[in-house]
Amino acid sequence: MELLPLLTALLLAHAAACVAWMAVSRRRRSRCYLLDYACHKPSDDRKVTTETAGAVIERNKRLGLGEYRFLLKVIVNSGIGEHTYCPRNVLEGREEMPTHVDALEEMDDFFSDAVAAVLRRTGVAPRDVDVVVLNVGSFSPSPSLVSRIVRRFGMREDVAAYNLSGMGCSAGLVAVDLARNIMLNRPRTMALVVTSESCAPNWYTGTDKSMMLGNCLFRSGGAAALLTNDPAFRCRAKMELRCLVRANIAAHDDAHAAAVHREDADGRLGVSLSKALPKAAVRAFTDNLQRLAPRILPAGELARFAARLLLRKLFFRRKQQVLPASGPKINFKTGVDHFCLHPGGTAVIEAVKKSLGLTAHDVEPARMTLHRWGNTSASSLWYVLNYMEAKRRLKRGDRVLMVTFGSGFKCNSCYWEVVRDLDDAGAWEDCIDDYPPETLVNPYMDKFGWVNDVQGQGGGFVF
Amino acid sequence: MSLPTFSKHLKSIYQLAMNTKSFLAVPALILAIIILLNGTPLVFTMPYDLFNNLCPVQLFNFVLLPTIVAILYIMRRGRAVYLIDYACFQTSPNSRVPISAFIEHVHHFPFLDDRSIRFMTRMLERSSIGDETNLPPSIHYIPPLNNGFDEARAEAELVIFSAIDDVFAKTGIAPATVEILVINCSAFAPVPSLTDMVVNKYKLRSDIRCVNLSGMGCSVGPISVGLAATLLQATPHGSHALVVSTETIASNFYKGKERSMQLTNILFRMGGAAVLLSTSGARARFRLKHVVRKITGAFDDSYGCVFQEEDAMGNRGIKLSKDLLTVSGDALRANITTIAPLVLPLSEQLQFASSFIARKLLDGRVKLYIPNFRKAFEHFCIHAGGRAVIDKVQYNLGLSDEHVEPSRMTLHRFGNTSSSSVWYELAYIEAKGRMRKGDRVWMIAFGSGFKCNSAVWECVRPASEPDKAWAGCIHRYPVKISEVIENIGHSGKIQLPSVDEP
């Protein structure tokens with residue numbers, strides 16, 4: 001063949017190959033696999049039983065009968081059991097004077113357990129981690145906790161480390177979103193996502209009822225997850241991320257003020273949960289679902305829902321009637337097999353169950369997580385996922401929807417597809433067979449129910 | 001010659017060839033040769049005739065090849081990130097703290113002993129900080145108010161909202177078009193986060209991607225910019241990202257006797273900056289070229305260099321170790337090793353490479369050649385951490401006084417404003433009218449971790465007027481800063497220090 005046509009043909013072939021390779025590489029980078037995750041199981045000496053809870057409450061001499069009744073009501077309604085964990089300084093009686101070291105110790109316990117476990121189980125060396133995203137609400141020391149992890153595990157100098165803080169209970173998915181976005185631009189990246197909440201320095205010691213809720217619900221816990229976009233890990237991965245939707249309605253003043261860090265009348269710091277919180281949650285949830293539904297539901301269900309909506313509108317217009325408040329419900333179960341709901345509290349779980357039309361079986365993981373671990377804030381949905389895995393519910397091809405709510409007000413959701421059959425019990429290993437429990441009698445009502453019978457001032461705050 | 005070094009430099013040469021416009025010249029040259037040799041007239045033939053007369057090879061030459069080359073070029077470029085504009089928080093005379101007033105207050109703090117008072121006075125006199133720096137109102141009290149959550153929130157709101165208002169006014173961009181919001185504030189991370197506070201105030205959209213970074217120290221400015229640039233790659237072309245860097249002083253004043261922890265009281269001042277980034281080059285003022293991050297936290301002395309802890313009495317403060325200068329030098333060296341191949345001209349790189357290899361082969365007997373970074377950058381924005389840090393970086397990089405003047409003047413006028421100080425320095429350079437189109441700026445920031453991060457910008461269009469923060473005082477700068485401020489009495493008699501003006 002002549003030189004010039006040969007040259008042209010080679011150049012053309014090279015250009016075509018380059019374009020094809022770039023397209024494939026871009027597609028590959030956009031995949032995100034969950035390699036493995038580990039939930040933190042604190043040591044048993046940190047468990048909060050009814051006795052210890054009673055002792056802690058009794059130590060606070062500022063609380064009166066009204067507050068006791070309120071606390072009992074909250075704890076009983078919270079669905080929390082006797083096996084949740086709290087930081088050592090609370091159990092040792094130092095909840096009013098937490099030191100910097102107490103907070104760091106709580107975090108160190110978590111890093112040594114969960115982060116080490118996830119690296120060990122996957123066989124990923126710390127020096128192979130390219131991105132670390134850490135989210136710990138309400139505690140951000142200097143140097144940052146992410147630097148603490150980098151040092152503790154000996155990661156590389158050029159690791160892209162990000163330390164998020166103050167973003168509330170839904171920040172677990174914010175961290176996942178951040179890791180995913182970073183991986184869009186970098187091929188073959190390993191990202192470590194670490195989520196927790198700091199309870200040690202944040203125990204509320206006053207008498208404001210809206211702030212005491214936090215003490216009843218939040219418990220110690222954390223989770224670490226390894227994400228990657230390297231296709232070589234696909235066969236070992238547990239799940240693949242399909243889509244992630246974030247909704248932030250902080251533009252509305254009442255939603256923004258739903259959960260606020262502030263000082264009470266005596267100058268004590270705490271997070272105040274307002275009465276408008278359920279409404280803000282619903283609004284954020286709606287916003288999120290509106291953007292999520294078209295991306296995850298099959299076309300048939302969407303068409304069916306649209307048709308029903310249209311017919312309903314025409315029907316009412318013909319009859320000249322006002323549209324009633326409840327309309328046709330979109331059936332999320334057509335696109336989702338498992339629901340991983342944030343166990344914010346029994347009320348939250350019930351509200352989501354009702355709005356999505358779920359069964360008791362669907363919300364069982366969230367309820368059981370709340371019972372066993374309490375509300376561990378941003379990391380709680382990893383415990384819920386772990387429960388499903390321990391119960392062997394997750395099979396290849398199943399689709400999992402994670403939904404979280406948090407201060408701001410934010411509602412974030414994440415849609416996964418299970419890559420292979422999962423059966424790792426993880427943090428639930430020693431107790432999965434006890435769930436769901438046969439008896440539903442709340443131990444706190446059993447032990448402290450006498451408070452309601454004592455004559456005196458009644459409680460007034462209805463949440 | 002070791003293989004990794006050789007390949008690293010081969011890579012940088014390749015990068016150089018690929019990044020310059022000569023990349024396009026090669027296929028263009030081949031095309032020209034093909035046309036000449038084929039001898040077919042190009043421009044004046046009718047398309048119909050063209051298609052009829054051309055054989056397939058010529059058709060490929062004229063149609064497909066240029067198209068594919070153009071696509072390749074566009075795809076390889078990636079999405080460039082531009083800085084639309086930025087605004088620094090304008091300090092107010094109400095909250096200013098002259099050094100003499102600070103010294104007088106120190107004499108009256110009940111929690112200090114004589115030794116601490118003498119130490120703080122000495123440090124303040126040698127700090128190179130001027131008399132117009134700002135502290136929040138709670139720190140003006142004697143003793144300073146602490147544990148003030150509301151004060152901290154008020155300070156954060158004041159600084160962040162002022163800076164954001166200014167940047168929106170400068171750019172004319174509607175808040176509802178902001179798709180990404182990154183805020184960094186080390187010492188203060190309330191619930192709801194500062195990002196939610198901004199979303200609430202400016203009614204930003206509900207699908208906004210917001211990230212609230214906290215605890216990452218003074219070096220987080222380039223990190224936030226890099227993060228916003230990464231997030232912009234995943235949004236439609238022309239999206240806007242708002243990056244806000246600030247620090248909160250209220251409720252973080254150290255009230256103890258530990259001298260290593262008192263330095264932060266002396267150095268840190270109120271300040272903040274808001275930056276608007278976009279992937280669209282229209283109305284852009286700077287183009288982001290590189291962001292390089294290095295963290296040396298693997299070593300104990302680096303990690304413990306800037307460390308928050310409680311002293312023996314339980315007062316929380318940030319301890320600065322005596323090794324700060326050494327550690328920052330090491331971190332800077334680590335950063336330079338990565339950034340040098342990206343920015344230096346080939347000649348400097350070859351010189352550095354050969355001295356590096358010679359040093360390895362001869363076991364350290366040859367002094368390492370310090371590349372001449374003045375050939376790669378016109379302006380330097382070195383984090384105004386303190387006088388000693390600026391001096392050390394000037395020495396390490398072989399810079400002149402004029403190159404570090406923005407840093408020194410920012411330290412004098414605004415104090416150490418943590419992560420936003422690099423933006424004040426950039427604003428100084430522009431206010432002085434020294435920025436030209438095509439000038440390259442190197443922002444270097446140091447901070448706890450120990451991290452050294454840098455961002456490289458190229459100017460597209462210099463500012464037409466000075467930033468508000470500098471507008472009222474730029475005519476007085478540069479100011480000659482003496483080593484020690486004299487005429488401040490130790491007995492409590494306060495006289496105004498003399499500051500020479502050129």
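Throughout, protein chains are lettered first and strands after them, A, B, ... in sequence-line order, and every chain is numbered starting at 1.
- Counting heavy-atom pairs closer than 4.5 Å to chain B, the top-ranked of the candidates Ala258(A), Gly166(A), Gly154(A) is Gly166(A).
- Of the two parts of Asp300(B), the backbone and the side chain both hold a non-hydrogen atom closer than 4.5 Å to a non-hydrogen atom of chain A.
- The candidate with the highest count of non-hydrogen atom pairs below 4.5 Å against chain B, out of Val174(A), Asp253(A), Asn248(A), Asn185(A), is Asn248(A).
- Residue contact with chain A, scored on non-hydrogen atoms closer than 4.5 Å, is absent for Ser224(B).
- Considering only residues two or more places apart in sequence or on other chains, Thr99(A) meets the side chain to side chain donor-acceptor pair (under 3.5 Å) condition with Asp102(A).
- In this structure, OG on Ser147(A) lies 6.0 Å from CE on Met216(B), to the nearest 0.5 angstrom.
- Ranked by heavy-atom pairs shorter than 4.5 Å toward chain B, the options Ile249(A), Asp287(A), Leu184(A) are led by Asp287(A).
- Looking at Arg153(B), its side chain does come within 3.5 Å of a backbone N or O of His261(A) through a donor-acceptor pair.
- Side-chain atoms of Leu231(B) and Leu178(A), non-hydrogen and from C-beta on, do get closer than 4.5 Å to each other.
- Asn163(A) has its side chain out of reach of Val220(B): every pair of non-hydrogen atoms, C-beta onward, lies at least 4.5 Å apart.
- For residues 306-318 of chain B, heavy-atom neighbours of chain A at less than 4.5 Å comprise Val306(B), Phe307(B), Gln308(B), Glu309(B), Glu310(B), Arg316(B), Ile318(B), sorted by residue number.
- Across all non-hydrogen atoms, the minimal contact from Ser144(A) to Ser214(B) is CB-O, 4.3 Å.
- Proximity of Lys410(A) to Asp196(B): side-chain heavy atoms (C-beta onward) are separated by under 4.5 Å at one or more points.
- In this structure, the portion of Leu269(A) lying under 4.5 Å from any heavy atom of chain B is its side chain and not its backbone.
- Neither the backbone nor the side chain of Val136(A) has a heavy atom closer than 4.5 Å to any heavy atom of chain B.
- Interface residue Arg180(A): only side-chain heavy atoms are found under 4.5 Å from chain B.
- Looking only at heavy-atom pairs under 4.5 Å with chain A, the residue among Thr195(B), Val199(B), Val191(B), Thr230(B) that has the most is Val191(B).
- Put simply, the side chain of Ser302(B) does not reach to within 4.5 Å of the side chain of Arg151(A), judged on heavy atoms.
- Here the straight-line distance linking atom CD of Glu157(A) with atom OG1 of Thr296(B) works out to 7.0 Å at 0.5 Å rounding.
- In this structure Arg148(A) satisfies the salt bridge (Lys or Arg N to Asp or Glu O under 4.0 Å) test together with Asp108(A), sequence neighbours excluded.
- Heavy atoms closer than 4.5 Å to chain B are found in both the backbone and the side chain of Ala160(A).
- By a heavy-atom distance cut of under 4.5 Å, Asn200(B), Lys203(B), Leu204(B), Arg205(B), Ser206(B), Asp207(B), Ile208(B), Arg209(B), Cys210(B), Val211(B), Asn212(B), Leu213(B) are the residues of residues 200-213 of chain B near chain A, going up by number.
- When the candidates Ser193(B), Pro190(B), Ala189(B) are compared by the number of heavy-atom contacts under 4.5 Å with chain A, Ser193(B) comes out ahead.
- Between chain B and the residues Asn181(A), Asn135(A), Val245(A), Asn288(A), the most heavy-atom pairs under 4.5 angstrom are made by Asn181(A).
- Rounding to the nearest 0.5 Å gives a distance of 4.5 Å between CG of Asp158(A) and NZ of Lys294(B).
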